[in-house]
Amino acid sequence: MILEAVDLKKTFRDRRSGTVEAVRGVNLALPDRGEIFGFLGPNGAGKTTTVRMLSTLTPPTSGRITVVGCELPKETRRARERIGYVSQAGGVDDGMPVRDNLMLQARISGMGVTAARQSGDRLLEAFDLVEVANRAGQTLSGGQRRRLALALGLVHRPELLFLDEPTLGLDPTARIALWDEVRALRAADTTVFLTTHYLDEADALCDRVAIIDRGVIVAEGSPDDLKRTVSGDVVTVRLDEADTERATAVVGDLPFVREVRVETRGVRCYVDNGGDAVPAVLRALEGHDIPVRSMSVESSSLDDVFLKQTGRSLREQPTTAVAGPVAATAGQGR
Ligand SMILES: Nc1ncnc2c1ncn2[C@@H]1O[C@H](COP(=O)(O)OP(=O)(O)OP(=O)(O)O)[C@@H](O)[C@H]1O
């Protein structure tokens, strides 16, 4: 078992906001090496808090954690030698050259000088940072900085790497490049546990996903399995706002519509076959004199899974996140 968490809870007690139950009984099991596991959820769901507990940085209020064969908190030191953690802010020292950033991190993680240098050189090469190796951290582009943060998490060759929102704020090209880096890690048998609130990221990159909301896991499985739990296609009908309620009743009565969700100026119908459903939905609405502005058909997405479990959409969440506290890797002993 690479990672196991049983009934993990974290309650913050804060003078201003009172008691915050950030994580309320999370169970996780990652049995195999070389898996990309996604922890998906909206802002404030408890993703960072969970990852910080799993990576030894925050003690849980209660619950049991075993990572890479080490029981926490008893075997924290041994665990830190074998796991890596890259925070939302990354752990790049702005004033220090790229190569020295890597060297320092490797040394902090307990590596000897020669091994540290070798590992640093290998990562500079692997992450296309050779040309900027002697430049200070502050001169790097967003993509280079994120690659250096990833390299810092990997310099001590961990078996398990935690990435907190690895592609937050990256442009689409840099995002795809980072996905490729993460896939290469999996190919090299490293287990990657990443948090994200991007649905497409979880879908495209992860072998398995757990969806967390308000401190509890509401669904877990491969993206395909999860999507199969909501019926095949989603037909979205755009309407005048005044017609939405009547339209919900009309399409809700159609025998092939499994579920209807109301949206502002429209409805979403969950059906087996979108192609067959579109003309029938249109006929039914027109039969009740409800004008249809537009219609579209999509396969169900992870957002539909979230919607089904929570009644809310992940897409409607604000996407600007505040960078978390700076902690480059677990090896820093924070
Ligand atoms: N040190 C703290 N003291 C008090 N409350 C906290 C603390 N850290 C986190 N919280 C609260 O715990 C909850 C979960 O926060 P957490 O950062 O784990 O969520 P998240 O899913 O990672 O969100 P985001 O995507 O915005 O980073 C939030 O309500 C947050 O305000």
Side-chain angles (χ1 to χ4, degrees), residues 36-39 47-48 51-52 54-58 80-109 111 116 119-186 188 190-198 201 205 320-334:
I36 303 175
F37 187 88
F39 208 40
K47 303 183 296 294
T48 298
V51 164
R52 288 183 61 85
L54 297 174
S55 57
T56 76
L57 298 172
T58 302
R80 285 180 178 177
E81 289 167 8
R82 299 170 65 186
I83 62 177
Y85 171 70
V86 181
S87 74
Q88 285 177 20
V92 176
D93 183 325
D94 276 336
M96 196 183 267
V98 168
R99 189 190 301 277
D100 295 0
N101 259 284
L102 282 165
M103 197 64 189
L104 175 69
Q105 190 58 53
R107 297 285 284 137
I108 287 172
S109 305
M111 289 179 109
S119 181
D121 286 348
R122 187 179 58 85
L123 288 164
L124 288 173
E125 195 82 49
F127 289 102
D128 200 17
L129 291 167
V130 175
E131 278 178 24
V132 296
N134 297 318
R135 273 176 33 193
Q138 66 201 5
T139 69
L140 302 180
S141 71
Q144 287 168 334
R145 198 179 172 78
R146 223 29 101 88
R147 294 206 300 278
L148 175 57
L150 195 54
L152 289 170
L154 285 168
V155 75
H156 58 303
R157 302 170 195 255
E159 292 159 50
L160 170 63
L161 179 66
F162 294 97
L163 301 176
D164 196 3
E165 299 275 359
T167 61
L168 191 72
L170 287 188
D171 65 54
T173 316
R175 260 180 105 208
I176 304 285
L178 203 123
W179 289 1
D180 286 341
E181 310 290 2
V182 172
R183 290 190 183 108
L185 291 174
R186 171 178 59 192
T190 304
T191 304
V192 181
F193 186 110
L194 66 90
T195 75
T196 185
H197 61 253
Y198 294 125
E201 181 157 287
L205 189 58
T320 42
V322 180
V326 180
T329 75
Q332 278 186 315
R334 280 178 50 112

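Only this structure's heavy atoms are used, side chains among them; waters, hydrogens and symmetry mates stay out.
Pairs of residues two or more places apart, or lying in two chains, that qualify as side-chain hydrogen bond (donor to acceptor under 3.5 Å, both in side chains) and include a residue from residues 136-153 are D94-R145, R135-T139, S141-Q144.
Considering all non-hydrogen atoms of both residues, E181 and A126 come closest at OE1-O, 4.1 Å. Across all non-hydrogen atoms, the minimal contact from F193 to V51 is CE2-CG2, 3.6 Å. Minimum heavy-atom separation, V132 to V98: O-CG2, 3.4 Å.
Checked against salt bridge (charged side-chain N to carboxylate O under 4.0 Å, His left out), D128 has no partners two or more places apart in sequence or in another chain. Scored by the salt bridge (charged side-chain N to carboxylate O under 4.0 Å, His left out) test, E159 finds R82 as partners (sequence neighbours excluded). Taking the side chain to side chain donor-acceptor pair (under 3.5 Å) definition, one finds that T195 meets it with D164, sequence neighbours left out. Checked against salt bridge (charged side-chain N to carboxylate O under 4.0 Å, His left out), R122 has no partners two or more places apart in sequence or in another chain. With sequence neighbours excluded, the residues forming a salt bridge (charged side-chain N to carboxylate O under 4.0 Å, His left out) with D121 are R99, listed by chain and number.
A donor-acceptor distance shorter than 3.5 angstrom exists from the side chain of H156 to the backbone of I83, with no hydrogens or angles considered.
Between R157 and M111 there is a side-chain heavy-atom pair separated by less than 4.5 Å. Contact annotation: the side chain of L205 approaches that of L194 to within less than 4.5 Å [non-hydrogen atoms, C-beta and beyond].
Remark: the E165 side chain and the H197 side chain contain an N/O donor-acceptor pair separated by less than 3.5 Å.
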